2 protein chains.
Amino acid sequence: MSPLPIGRLAKLTDVKVTTIRFYESIGLLPEPLRTHSDRRIYDEGDVRRLGFIKHARQLGFAVEAIRDLLELSDHPERVCDSANAIAQEQLAAVDAKIAQLGALREELVRMTAAGCSGPAASCRVIESLSDHGLCSADHKPLASQVSV
Amino acid sequence: MSPLPIGRLAKLTDVKVTTIRFYESIGLLPEPLRTHSDRRIYDEGDVRRLGFIKHARQLGFAVEAIRDLLELSDHPERVCDSANAIAQEQLAAVDAKIAQLGALREELVRMTAAGCSGPAASCRVIESLSDHGLCSADHKPLASQVSV
DNA sequence: CTTGATCCTCCACCGACTAGAGGATGCAGA
DNA sequence: TCTGCATCCTCTAGTCGGTGGAGGATCAAG
């Protein structure tokens with residue numbers, strides 16, 4: 001197929017040039033062929049592989065998970081139990097995150113509901129932050145896996 | 001009140017010692033008094049301030065936003081318009097994130113629904129990732145503000 | 001007096017990129 | 001052919017919100 005310079009690949013896949021080089025550096029993309037002047041050249045296969053990576057990242061899969069998924073994609077004869085397991089885990093992580101954000105949302109709504117126009121001394125937002133006891137207390141984020 | 005060493009403050013607030021020092025280094029917590037042997041000593045005021053910070057972080061506020069909120073909390077005579085604005089923005093960001101994750105969830109459910117036991121060649125997960133056309137195509141994360 | 005917990009500073013690392021410096025090359029128009 | 005700009009190269013450092021460890025000092029209890 002037609003050989004693509006990195007900029008063309010970037011436009012075709014809507015992935016930044018620097019990100020493509022980054023994916024190569026961490027081994028998600030193989031080292032491509034180079035021109036006589038050391039420029040990277042890609043082909044249709046690279047477009048597909050990068051598309052796969054992009055799609056997986058959009059779904060929030062971590063790079064290490066994507067590495068495993070690509071391995072399977074590269075070896076279609078293997079059993080795919082692990083692909084399903086990875087996706088299930090990701091689904092669980094997304095569900096957890098949604099639940100967590102739902103709880104956050106609730107408190108933010110409560111905090112902002114009253115509106116506020118006076119001095120900070122009587123501000124519901126500041127007050128809520130000062131006293132955790134005022135809120136439902138079951139939103140406990142900090143340290144989550146999904147960072148989409 | 002009783003002077004607390006950093007470890008006590010950490011346990012009282014459930015914030016790690018290293019994180020407390022980090023907050024000091026970025027100016028969220030003031031430099032505390034020190035003992036003759038250079039150990040930090042805190043008081044009840046620090047417990048409250050750190051609680052405020054922790055609560056705000058749990059709600060997903062960025063450090064810069066927390067800095068502004070603490071400013072207001074420190075000066076209760078000022079008008080608190082900005083506190084409300086910050087909280088409203090955070091609420092909007094959380095809403096956006098929830099919507100986005102909802103879309104991700106949909107696709108993950110579709111991908112994993114079939115279950116999978118054969119070779120990767122016929123794996124729905126791998127297949128879905130390879131061909132973005134198979135999915136609804138309106139989940140477009142990458143680059144979000146809320147990272148709770 | 002010794003032991004183990006706690007404290008100190010400084011520096012490097014995490015994930016997943018992003019941005020910029022400083023320089024080489026490619027390509028199109030005059 | 002020359003000029004000039006776009007694109008490419010490598011390398012380094014920064015982002016955010018912390019986390020972890022090395023190497024050493026100090027504290028409190030037995």
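Note that the structure is predicted; figures quoted are calculated from it, not measured. Order of the sequence lines fixes the chain letters, A, B, ..., with proteins taken first and strands second; residue numbering starts at 1 for each chain.
For A:I20 and C:dC17, the CD1 to P distance is 12 Å, given to the nearest whole Å. Atom NZ in A:K16 sits roughly 11 Å away from atom P in C:dG20 (whole-Å rounding). Put simply, CG on B:L28 is 12 Å from C1' on D:dG18, counting in whole angstrom units. Straight-line distance from the CG atom of A:L4 to the P atom of D:dT7: 15 Å, rounded to whole Å. Summarising the geometry, the separation between CZ on B:F22 and P on C:dC14 is reported as 17 Å, rounded to the nearest angstrom. Atom P of nucleotide C:dG26 and atom CD1 of A:I6 are separated by 16 Å, given to the nearest angstrom. To the nearest angstrom, C1' of C:dA16 lies 10 Å from CD1 of A:I66. Put simply, CZ on B:R67 is 13 Å from C1' on D:dC16, counting in whole angstrom units.
The side chain of A:V17 approaches D:dC8 more closely than any other nucleotide in the set D:dC8, D:dT7, D:dG17.
Closest approach of A:P30 and A:E24 over heavy atoms only: O-CG, 4.2 Å.
Here A:R57 contributes atom CZ and A:I66 contributes atom CD1; the two are 5.5 Å apart, rounded to the nearest 0.5 Å.
For C:dC17, the OP1/OP2 oxygens have a side-chain nitrogen or oxygen of A:Y23 closer than 4.0 Å. Distances shown here put a side-chain N or O of A:R57 below 4.0 Å from the OP1 or OP2 atom of C:dC17. One finds a side-chain N or O of B:R21 lying less than 4.0 angstrom from the OP1 or OP2 phosphate oxygen of C:dC8. A:T19 has a side-chain polar atom (N or O) that falls below the 4.0 Å cut-off from OP1 or OP2 of C:dT18.
Remark: B:R48 engages B:E44 in a side-chain contact (heavy atoms from CB on, under 4.5 Å) (not counting sequence neighbours). Applying the side-chain hydrogen bond (donor to acceptor under 3.5 Å, both in side chains) test to B:T35 and every residue at least two apart in sequence or in another chain returns B:S37.
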Could you walk me through whether A:L72 and A:S82 pass side chain to side chain contact (heavy atoms under 4.5 Å, CB included), step by step? CA-CA 9 Å; A:L72 275 173; A:S82 58; 3.4 Å; yes
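When heavy atoms are screened at a 4.0 angstrom cut-off, A:I26 is found touching no nucleic acid atom at all.
Around the CD atom of B:E31, the shell of radius 6.0 Å holds no more than 12 heavy atoms that belong to other residues, nucleotides or ligands.
For the contact set between residues 32-41 of chain A and DNA chain C, defined by any heavy atom under 4.0 Å, the members are A:H36, A:S37, A:R39.
Between B:K11 and A:A62, the residue anchored nearer the 5' end of DNA chain C, judged by the nucleotide with its closest heavy atom, is B:K11.
The pair B:E64-B:R67 counts as a salt bridge, with a side-chain nitrogen and a carboxylate oxygen less than 4.0 angstrom apart.
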